[in-house]
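What follows is a single structure, written as structure tokens, with notes after it.
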Amino acid sequence: MAQIIKAIRGTRDLLPAETALWNRAERTAREVFARYNFGEIRTPVLEATELFARGVGEETDIVSKEMFTWEDRARAASEKPQSLTLRPENTAGVVRAYIEHKLHDTGQLQKLYYIGPQFRRERPQKGRYRQFFQIGAEVIGPASSGSESPLRDAEVLEMLAALLDELGIPRASAANEYQGWRLLLNSVGSSTDRPRYVAALREALLPVKDQMCPDNQRRADTNPLRVLDSKDEADQAIINALPKIADYLDDDSKQHFAAVLAALDACAVPYTVNPRLVRGLDYYTRTTFEFTVDLGLGTQNALLGGGRYDGLSEMLGGPRAPGIGFAIGEDRLILTLQALAELKAADEGELAPVKIDAYIAPLSPAQNAAALALARTLRAAGLQVEVGDGTFRLKKSFDAADRVARHIVILGEDEVAQQQATVKTFATGDQHKIGFDDLSATLRSSLAIRPTTLTFKEPTY
RNA sequence: GCGGCUAUAGUUCAGGGGUUAGAACGCGGGUCUGUGGCACCCGAUGUCGAGGGUUCAAAUCCCUCUAGCCGCCCCA
């Protein structure tokens, strides 16, 4: 027997039972984004490796060891082979498109959102896959369009709060034992603040480095900012004594951050300022944030992350175009929603599965053609319809119908001859004969099927 | 990339060197020829993750691989 082929490591199939939830989440996100005047952008899954090296940062873990990268062969002798990469995130691609299509020259603020797969070659775990999905958005434009305003930061954060609220994810509070979402916020400073701070950090780490865990010793050399969000218990005292980024912000950055917090207060969006929150991508400046959630996600409790990237466009060879954005881990969002649904089911009992409108059951193969024709009519009217096969016994048809549909439409010899279907409503047990021409209207209006408004008698044979 | 745990029916799981591998749910059929859900009866579940080794004998012990989960790293 031939070897079966399986989905490759870290990728997975989403079957209808799950995609229903994915679609609901995506629909909600699209609706919320539209209310804030965001339009959708779709960028290629494949980009030049150079884009991520320059945008995300050559030294970051993502670029240095987690990308799916290969050399595409040259098409002609005169052409050089090109290094291609499956995108590990989408912000760099959006900014590349912004520059490439000269959206800057419109002078307008661009509000763009995307939904799509991203790829990172990490060890798979719950909530962490090699092909994972992100729902993200970017606000970018020339400074004259207001792209640099703290209002943009606050608006994005407020929009995210609205989205999570609308998806039914509770806010963490003492009342629910902090099972819910929580916004963590920090400012990592401007592109001039940050190098000063990193230098100070390095200096402060030098004498204490040896006392820290091996991971932190390594970080102290490669990426000192990462020492700040270390979970190592023993190192916490040392970390708390390190210089604070807040003391290295220039006046502009300080005022900017204060304005963001003031706007969040005005919108009643709860947040926690965490001076140790840092991000793993080099392009972030000033406001950075993370939403965590304690439902359904194990150690991967970061539901979404984002921040400002005022210098990214220039890094990619474009004009100065400040911006802010975020990316939601859609897989993690779904895990959270599933955990929430389970909690609810434990409280209220299982929810009845959603059923389609009708199941057409021909009584013998002679009625198969008529059944398909009737299905076509009903479907054209917008009804959700399944069709059985006339070789099934009626008993089996009922069984199959009850599993998926609210009504069974029985089609025997008499029904076809009279152009009247026998329709039974599972919930009530009511059964009526309804003319083919009236069927879609009758099924559409649940009122008409209620016994109080219909006085059909049980058919007698 | 590192460490640990796990892999048996469609699903959740039990078993544990010795005839033919089990339960529940689910699935198929019947009792019941155009009226289901309940009940009762019958039936099929399967390369025991893959490959190799030890042994008279391996689903069981050992090794390698693969995949999943947990933690680390990192991040969404």
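To find a chain, count down the sequence lines: A is the first, B the second, and so on, and within it residues start at 1.
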What is the nucleic acid contact for [X], judged by heavy atoms within less than 4.0 Å: base, sugar-phosphate only, or nothing?
| X | value |
| --- | --- |
| A:G306 | nothing |
| A:K424 | base |
| A:R128 | base |
| A:Y129 | base |
| A:I410 | base |
| A:G305 | sugar-phosphate |
| A:E413 | base |

### Query
Any idea how A:Y283 and A:Y309 line up, ring-wise: parallel (<30°), tilted (30 to 60°), or perpendicular (>60°)?
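It falls in the perpendicular class, over 60°.
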
### Query
Parallel under 30°, tilted from 30 to 60°, perpendicular over 60°: which one fits the rings of A:F33 and A:F38?
tilted

What's the gap between [N] and [M] when it is taken at their [atom1] atoms, as a whole Å value?
| N | M | atom1 | answer |
| --- | --- | --- | --- |
| B:G29 | B:U47 | C1' | 27 Å |
| B:A59 | B:U19 | C1' | 15 Å |
| B:G18 | B:A24 | P | 24 Å |
| B:C62 | B:U54 | P | 16 Å |
| B:C69 | B:C42 | C1' | 40 Å |

### Task
Could you tell me whether the phosphate oxygens of B:G29, OP1 or OP2, come under 4.0 Å of any side-chain nitrogen or oxygen in A:K396?
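Result: yes.
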
### Query
Looking at A:R123, does any N or O in its side chain come under 4.0 Å of the phosphate oxygens OP1/OP2 on B:G71?
no

#### Entry: Proximal nucleotide (of B:G34, B:C74, B:C75) relative to the A:D61 side chain
B:C74

### Message
Please convert RNA chain B into dot-bracket. A pair counts if it is Watson-Crick or G-U wobble with both distances under 3.5 Å; crossing pairs go in [ ] and bases paired with another strand get |.
### Response
(((((((..((((....[...)))).(((((.......))))).....(((((..]....))))))))))))....

### With A:E40 via salt bridge (Lys or Arg N to Asp or Glu O under 4.0 Å) - residues at least two apart
A:R30, A:R42

### Task
Quick one: closest heavy-atom pair of A:R96 and A:L51, and the distance?
CB-CD1, 3.9 Å

